[in-house]
There are 2 protein chains.
Amino acid sequence: MAVTSGVKNRTRQAIIDAAIDLLAGNPACSLGEIAAAAQVGRTTLHRYFGERADLLSAVASEGGERLGRAATLADLDRGTGAEALLRLCREYFDLGSLLSLMFSGQGGECWESQDEQYLIGVIERGHADGSIDPALPSDWVLTLLWSQLYAAWEYRAQRQEASRHHVLDLLTRTLSNALRPPQS
Amino acid sequence: MAVTSGVKNRTRQAIIDAAIDLLAGNPACSLGEIAAAAQVGRTTLHRYFGERADLLSAVASEGGERLGRAATLADLDRGTGAEALLRLCREYFDLGSLLSLMFSGQGGECWESQDEQYLIGVIERGHADGSIDPALPSDWVLTLLWSQLYAAWEYRAQRQEASRHHVLDLLTRTLSNALRPPQS
DNA sequence: TCGTAGTGGAACACAGTTGTTCCATGACGG
DNA sequence: CCGTCATGGAACAACTGTGTTCCACTACGA
């Protein structure tokens, strides 16, 4: 069992959560800041993650899991390619500051090429079923998805009056418009 | 006259250019790296910019000028709001790695609120003349513009086979689609 | 009550960045 | 040929972040 003590798991998770939040805003932030944000001594942080790289890879691993769970929830095999992509968008949107981390590319090793390939497949399904403009290459659509997700997250972060639902609505509208084939 | 020597101007510009390129990729990059990229000794760099903050503000100032020039070239008062925005996009796209810098928000003080307000005005013109979906708030359109510009730049940087013209075409297509009003 | 697990703080050495000073060198014009 | 201008390198002190060690404290179960 990797359960160890339960307390240790909670501490470990608190550190990882704090790291995701702070690294999203400043990829160069210090371990001391992360420890403080996690309400944990720097000594304790080092007890869990020997060196910075260990923490970063744990963050990447956690990020990969969350992305995977979101993709599962989105039920990507259902409906048209565009519908699946918009559902994925809604799930990803709730990942919050993890989005910034992914988009910054700092979390490079988060999702292996398998996940990316899977999304490419969904987009190609959209090309085939006519829900996504075939003139848009799959990898461009993927880039677009990420950039608009990040934009929506930033937009929400800067404007408190904008509710989650409202921003998600804007995101959905602009993204589905962007992907729509010409004479639909 | 602020001309000083001509040689000094070239050196100064080389440092700023190198700084823009490197800071775009890594906002925490060291002055030593920037000096090396500018093919200049670290001593010389410090002679031009007393401390890091001085270089950063010079970069911000340079960025502001380039943005302003691009906006002028785009001739924003001509045509519909959407057309003006797309022209601006084409001009901004050629700013290259400066885009990453702007979008990272590191270059916060680059363009004062006057420039931002001017763009907001262009977008509202688009709302009025029916070329931009009035359901999309102006600041959301602005966020969208920046994120898609950044996405296009990254897309181009990672794929050498994608020509400038091709990427610009994808950008134009998706952005104009995203902004298009419903029953156009 | 005692032992252990989990933790936090203080202190340290080490590495990298920053900003400074001083000196040597090459270019260029008078 | 000489002076100056712009530069590069070496060396330095100060600071910050990192990784480690050691010790003290608290909670909790046997």
Side-chain angles (χ1 to χ4, degrees), chain A residues 1-62 97 100-101 104 106-109, chain B residues 1-62 97 100-101 104 106-109:
Chain A
M1 302 293 289
V3 177
T4 59
S5 116
V7 175
K8 294 184 78 168
N9 276 332
R10 249 179 296 129
T11 304
R12 185 185 153 91
Q13 198 56 48
I15 295 174
I16 292 181
D17 290 345
I20 290 178
D21 280 345
L22 292 196
L23 289 172
N26 171 22
C29 88
S30 78
L31 297 183
E33 293 176 86
I34 295 177
Q39 291 180 299
V40 145
R42 197 168 65 90
T43 309
T44 301
L45 189 151
H46 269 105
R47 222 185 309 268
Y48 282 86
F49 306 98
E51 42 185 86
R52 182 178 245 269
D54 297 329
L55 175 57
L56 292 187
S57 82
V59 164
S61 168
E62 170 78 13
S97 53
S100 312
L101 215 52
S104 309
Q106 309 297 349
E109 300 82 5
Chain B
M1 303 291 289
V3 176
T4 60
S5 118
V7 175
K8 294 184 80 169
N9 277 331
R10 249 180 295 127
T11 304
R12 185 185 152 90
Q13 199 56 48
I15 294 174
I16 292 181
D17 290 346
I20 289 177
D21 281 344
L22 292 196
L23 289 172
N26 170 24
C29 89
S30 78
L31 297 183
E33 293 176 85
I34 295 177
Q39 291 180 297
V40 145
R42 196 168 66 88
T43 309
T44 301
L45 189 151
H46 269 105
R47 220 184 312 266
Y48 283 86
F49 307 98
E51 42 185 85
R52 180 177 246 269
D54 297 329
L55 175 56
L56 293 187
S57 82
V59 163
S61 167
E62 169 78 14
S97 52
S100 311
L101 215 52
S104 308
Q106 309 297 348
E109 300 82 8

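All chains are named by letter (A, B, ...) in the order of the sequence lines, taking the proteins before the strands, and each is independently numbered beginning at 1. The structure displayed is predicted, hence computed values, not measured ones.
Taking every heavy atom of both residues into account, A:A14 and A:A38 meet most closely at O-CB, 3.7 Å. Scanning all heavy atoms of the two residues, the minimum distance from A:L31 to A:H46 falls at CD1-NE2, 3.9 Å. The nearest pair of heavy atoms linking B:C29 to B:I34 is SG-CG1, 3.6 Å.
For B:R47 and D:dG8, a side-chain-to-base donor-acceptor distance below 3.5 Å is present, hydrogens and geometry of angles not being considered. On a pure distance criterion of 3.5 Å, no polar donor-acceptor pair joins the side chain of B:T43 and the base of D:dG8.
Rounded to whole angstrom, the span from the CG atom of A:L45 across to the P atom of C:dT7 amounts to 11 Å. The CD1-C1' distance, from B:I34 to C:dT17, rounds to 12 Å in whole Å. Atom NE2 in B:H46 sits roughly 15 Å away from atom C1' in D:dG9 (whole-Å rounding). The distance between atom CZ of A:R52 and atom C1' of C:dA15, rounded to the nearest whole Å, is 14 Å. Per the geometry, CG belonging to A:N9 stands 10 Å off P belonging to C:dG6, to the nearest Å. For the pair B:R10 CZ and D:dT7 C1', the interatomic distance rounds to 13 Å; values are reported in whole Å. Rounded to an integer number of Å, the gap from CG of B:D54 to P of C:dG19 is 8 Å. Here D:dT20 presents its P atom at 11 Å from CG of A:L31, a figure rounded to the nearest Å.
Side-chain nitrogen and oxygen atoms of B:T44 include none within less than 4.0 Å of the OP1 or OP2 phosphate oxygen of D:dA6.
In the model, A:D17 has a side-chain atom that pairs as donor or acceptor with a side-chain atom of A:Q13 under 3.5 Å.
Among the nucleotides C:dT17, D:dG8, C:dG19, the one closest to any side-chain atom of B:S30 is C:dT17. Side-chain atoms of B:Y48 lie closest to D:dT7 of the nucleotides C:dG8, C:dG19, D:dT7. Here the nucleotide nearest the side chain of A:R42, chosen from C:dT7, D:dT20, D:dA11, is D:dT20. Listed nucleotides: D:dT18, C:dG8, D:dG8. Nearest to the side chain of A:V40: C:dG8.
Among the heavy atoms of the strands lying under 4.0 Å from A:Q39 are primed sugar atoms or P, OP1, OP2 only; no base atom is included.
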(message) Before you tell me yes or no, could you show the steps for A:F49 and A:V59 under side-chain contact (heavy atoms from CB on, under 4.5 Å), namely the whole-Å CA-CA distance, both residues' side-chain angles and the distance that decides it to 0.1 Å?
(response) CA-CA 11 Å; A:F49 306 98; A:V59 164; over 6 Å; no
